[in-house]
Asker: 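Got a structure for you, written out below as structure tokens; questions coming shortly.
Every chain is numbered from 1 and lettered A, B, ... according to where its sequence line falls, protein lines coming before strand lines.
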Amino acid sequence: MGGCHHSRVVPQSPGDCALPSMAAHLPPPPDPQFVLRGAQSPVHALHFHRGAQGCPLLFSGSQGGLVHIWSLQTRRAVAALDGHGGRCVTWLQTLPRGHQLLSQGRDLKLCLWDLAEGRNAVVDSVRLESVGFCRSAVLAGGQPRWTLAVPGKGSDEVQILEMPSKTSVCTLKPEADAKPGMPMCLGLWQANSSPRPLLLAGYEDGSVVLWDVLERKMCSRVACHEEPVMGLDFDPQKARGVSGSAGKALAVWSLDGRQALQVRGTHELTNPGVAEVTIRPDRKILATAGWDHRIRVFQWRTMKPLAVLALHSAAVQCVAFATSGLLAAGSKDQRISIWSLYPPP
Amino acid sequence: MAVFDTPEEAFGALRPVCVQLTKTQTVENVAHLQTRLQAVSDTALQELQQYILFPLRFTLKTPGPKRERLIQSVVECLTFVLSSTCVKEQELLQELFSELSACLYSPNSQKPAAVSEELKLAVIQGLSTLMHSAYGDIILTFYEPSILPRLGFAVSLLLGLAEQEKSKQIKIAALKCLQVLLFQCDCQDHPRSLDELEQQQLGDLFASFLPGVSTTLTRVITGDFKQGHSIVVSSLKIFYKTVSFIMADEQLKRISKVQEKPAVEHRVAELMVHREADWVKNTGDKLTILIKKIIECVSVHPHWKVRLELVGLVEDLLLRCSQSLVESAGPLLKALVGLVNDESPEVQAQCSKVLRHFADQQVVVGNKAFADILSESLHSLATSLPRLMNSEDDQGKFSTLSLLLGYLKLLGPKVNFVLNSVAHLHRLSKALIQVLELDVADIKIVEERRWNSDGLNASPKTSAAQPWNQMQRRYFRFFTDERIFLLLRQVCQLLGYYGNLYLLVDHFMELYHESVVYRKQAAMILNELVAGAAGLEMEDLHEKHIKTSPEELRDIVTSILEEYTSQENWYLVTCMEAEEVEEELMMKESGLQAITSGAHTHQVTSFLAFSKPSPTICSMNSNIWQICIQLEGIGQFAYALGEDFRLLLMSALYPVLEKAGDQTLLISQVATSTMVDICHACGYGSLQHLINQNSDYLVNGISLNLRHLALHPHTPKVLEVMLRNSDASLLPLVADVVQDVLATLDQFYDKRAASFVSVLHALLAALAQWFPDTGDLGQLQEQNVGEDGSHLHQRPVTLENSTTAEDIEQFLLNYLKEKDVADGNVSDFDNEEEEQSVPPEVDESDTHPDVEPPLPVQIQIATDVMERCIHLLSDKNLQIRLKVLDVLDLCVVVLQSHKNQLLPLAHRAWPSLVHRLTRDAPLAVLRAFKVLRTLGGRCGDFLRSRFCKDVLPKLAGSLVTQAPISARAGPVYSHTLAFKLQLAVLQGLGPLCERLDLGEGDLNKVADACLIYLSAKQPVKLQEAARSVFLHLMKVDPDSTWLLLSELYCPVQFTPPHPSLRPVRLRKASEQQNPYLANVLLLLRELQ
């Protein structure tokens, strides 16, 4: 955690942890590296990508249905992809093979874009059955085949597809008496030891569920929140995850050897509503997107609050980390802020 | 055409005179012979050569005293013969040579005989001609060892003549002859080049003369400047040709270790020299002393041809004797290098040519010894440079720096050997820093302010050939000659070009940080290093040199830029205005906090020392220069990177724009030209393009800096400059950032209102300009009429038409009808008609009566701004109130077509505006009245009753009470505020009355208050303005105005049209006493 103590970032918001009397002696709150303007619509999804020739890119999905591609070098939009008929883009993800981008829209379509060599065309799309808020998840390695988890036809179902053939592997439906409500967020991963893909899903009733995809079995379920789970992220190395909800708490839970989920602790927030939780790839810090217009940064190991970033003038809807450590946050105020905090060594 | 073509004829003709001469040796006889010879053809002469020469040689050899005249004529005759014939026998050649030489030799002494100058000249020419007449290989056989004594004799004779004679002609001739003797003649008669063996033999022979030749010639060369340049030039030439021939590396390397036994007698053998290693070493050492002497003297010779010859000397010796004269290489290179910047273009050109030649041949870089010597020279120059820069005058500095420049050019990439030595880099940089110290005592720089806040009126000029070389004229403490600055820049550029850029930039960056005393110079040097590294128009002598790559250069520029524009180097105190200083200090304090956590604590102390409570003029001046140099640097960086610089605009453009809005004239000018530089370098067509296409970067900076306004007090200025120099395409981004601006204003409006109000002003001015309202034209015209008396004649013609009976009747009918309406007797018919006519229009124009269309962005902005203005109108600071009134005025202009937004805001602003109009300082009243006029022009109905109730009585009252004062006042009065206020009110009232469509009672109030100003006792301008009020009143109500005016003065007597009507009685004072006469007459004329 050596890198964390080096930066000048200090908690700043009066509501969180800084004492008001100390405020005069504190350095000014950290500024973003820069702010991207021009999305012209609330931003709902962000995803970093190392573009061709190592020129880093950021994808943003807007309520207006466009996916903007931003060059982080020139800090300008280089292209706008229009594939969702003007409906909100809720999720973006690139595939490790080739320059391919997945975008999920409220038009019930999941598009696969080919971006290689300056192309930007939809090469394939998946029809979605659910109009919910749930973002999809993907599990892709170097192989041509990859796995996709999408909200299913039934309101409480998650559908697993094998891509690119789009063959349905299974549908994960909670038992009748469980009644967790709609899935709100998904996370697919694969433990190093076993080839079995696992799915973490946050549900409307505030519970987080671990699914064994191949056996279509709910391995474990833990009630973390009293409000719907809005976002979760999982650290396979530490076998720990974090989730945020519409309520005032962040929950940290862990997974033991027998694939049982266990709540490790909760962290109370000043204001309710977390739209997304993301752990940085180096697993040093995590960031939350707050409905209270704030971005909050925590130390992942200890969950110690590190910074409250007040910049946006409307709810923050998404946060994303680049492998370089860069943090991006997209907000309803149509701006995307880019931050360099506690840069990794 | 010769008379005697054949030898026989010639013989016949010549024989008698030859015999005669042999018998009696007199001048006359010689003359006879010579006369005859003229008529003999060359071929015949050749046949008879020996025959003719005989009497002449006989005469010379005859013992006994001879008269000089005779010898001279014999020699001349001999010369004549030789010039037309060839000498084909070696013996003859040698004998003639001896005999001629002997003519100048007095047998008693070793010295040349004391003979007449004419004779000396004749003999010298004779010898010259003799050597030229030698046929073919004869000449080579002449130079056999046995000739050595005789040749040596002649050589020393000629040297003596060249050195000691008074006559310039003899000296020149002697030198020429010496040239011939030493086989250096450059005339066409010796086309054959010598083979190696021949060269070596000659070299062996001449080597004996080298000591004599070199020392004597050195004495000649270093003699008095007055002796004439041609002598020095010839001597130089002989010197280096001789030396380079005898000491040629080519020859010396073939010399065997052991001397062959020469087949000559012992006496001669002793004279012979064997050019083995020891000899070469000794001779080289001795020559070095001479060469140094020569260089020392000649490099400062006033005549350029001499210096040009020195270049030849260096070239020849360095090219041919690089090994044998290795000791001299240092001085020789130094001489060459020192001439690189010679004042004579010929010398410069030749010098560059030689340098280029050296570079091509790898003479220096390929030759380790030379490179070492050069490095050594540069080392020692670097060592003494600080001292030299301190002690020398401008001329001295110029030559020293020229030398430095030359070394750098010659060393090329090898300059790093020197730079890698910390001690030497330190020396070099210390000298540069020292000599570049600026003179910052000029107070004018601090005083000159940028008053007009118009757009940046610098159109990119493309005329300049090397735009990156243009900069603000500056003054240095230690020199005044502009050429020295140029040299220094070249030196730095070369360092940047050849040197290790990382090393250099690091070093000078350290100096930049080290002390305020070094900072400006270090920045200048850094700028030039980068320009040099980019190799803009750099003349490269070393073609294989690898330049700094664009990526590296960009990294370096980025880091320098970061440093330049950092908080503590960019925001320096440059003026003493209270607000500014306060802001700066506040910023400094908070800046400190941010920095103390960082690593550079020494920076803090250095600028703490600099930001003492009251900065001196000098320190502010120094700060101004610091900023300017850094700005210029940014321009240079842009040129260095070209289009690559576009990427850096995201961090560079904002600070430059900030400085373009600076109050100090110099800074603002330099920043503007930096922007022009950026335009050129990055390929933007104009400043507007530059700003428009990078507005996203600017807006990003503005919006982030607004978050810490205390740290970035100049942020509003950037927005201001951006707005002033852009167009409507900027609106979406502006709208975005305006929200930030307003939010920050709401947060800080007690402390920083002033800077924000000026931004709001710029913003609204921009909006008004970007979205001109077509309805604006009327307002403009109306203002013209109101303010300019000369427009009185262009009044509408309707008033001039004579009124007909029908008009009167119609008027009456209308009057009655209006009276009825006013009394409330409205007929139903009229009402229905109106109701029917209105609804269809609504239907057409608005299909969704419930949904209001979104407001245009500019209207939304103006509404938001006007909202703030209402609060700020009552600010306690007068300056802010004035500015706010201006903004309010612009808001009204922008909002004029959106009454739904304008009217409620105007309603809310009204009480405060009235307060300004009635109870504020005169200046504020003036501005408020302007707002009132604008408002009146846009929303008349809305304003009418409010105006009449709240404002008019007060205005009229003040006009009335002020009138007696202005009537009594002297000419100075027109400079007072009171006068300006009166004038503004009078000028404004007319249009206002017309726009507001005031009722009769209120019009009368206006008329009553203004009448007094028609008096001739009032200042002329007030009279004019009062007249304009009445002109407007005439438009509204011509009749009552007529009546009112006629009450004052009526020029005509009215007779009633019918006896039943009573006669009209109007006042008619006597013309002399009525003060209103002139103005009333003018006005009545308009009414007719």
Asker: Which region of L311(A), side chain (C-beta onward) or backbone (N, CA, C, O), has a non-hydrogen atom less than 4.5 Å from a non-hydrogen atom of chain B, or is it both or neither?
Answerer: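 Contact with chain B is through both the backbone and side chain of L311(A).
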
Asker: Can you spot which of S703(B), P732(B), S695(B) makes a side chain to side chain contact (heavy atoms under 4.5 Å, CB included) with R37(A)?
Answerer: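 For R37(A), the side chain to side chain contact (heavy atoms under 4.5 Å, CB included) check succeeds only for S703(B).
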
Asker: Kindly check if the number of other-residue, nucleotide or ligand heavy atoms within 6.0 Å of CD (E552(B)) is above 12?
Answerer: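 It does: E552(B) CD has more than 12 such atoms within range.
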
Asker: I'd like to know if R335(A) and D696(B) make a salt bridge, using a cut-off of under 4.0 Å between side-chain N and carboxylate O.
Answerer: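 Result for this pair is no, no salt bridge flagged.
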
Asker: To check you understand the geometry: which heavy-atom pair defines the closest contact between Q73(A) and M650(B), and what is its length?
Answerer: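 Between these two residues, the closest heavy atoms are O-CE, 2.8 Å.
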
Asker: With rounding to the nearest 0.5 angstrom, report the OG to CG distance, S71(A) to L647(B).
Answerer: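 Answer rounded to 0.5 Å: 7.5 Å.
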
Asker: Quick one: which residues of residues 314-326 of chain A reach chain B at under 4.5 angstrom, heavy atoms only?
Answerer: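 Against chain B, none of the residues of residues 314-326 of chain A fall inside the cut-off of heavy atoms under 4.5 Å.
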
Asker: Minimum heavy-atom separation for D31(A) to L704(B), with atom names?
Answerer: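 Smallest heavy-atom distance, with atoms named: OD2-O, 4.0 Å.
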
Asker: Above 12 or not: heavy atoms from other molecules or residues under 6.0 Å from NE2 of H689(B)?
Answerer: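 12 or below, so no.
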
Asker: Please look at N694(B) and chain A and tell me whether the side chain, the backbone, both or neither of the residue comes under 4.5 angstrom of a heavy atom of that chain.
Answerer: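 Its backbone and side chain both get close to chain A.
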
Asker: Using only non-hydrogen atoms and a strict under-4.5 angstrom cutoff, which residues of residues 74-88 of chain A touch chain B?
Answerer: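 Those residues of residues 74-88 of chain A which have a heavy atom under 4.5 Å from chain B are T74(A), R75(A), R76(A).
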
Asker: Checking the side chain of N700(B) only, and the main-chain atoms of F34(A) only, is there a donor and an acceptor separated by less than 3.5 Å?
Answerer: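 Judged by distance alone, no pair lies under 3.5 Å.
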
Asker: Given that the side chain runs from C-beta out, which part of L649(B) has a heavy atom under 4.5 Å from chain A: side chain, backbone, both or neither?
Answerer: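 Looking at L649(B), nothing touches chain A.
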
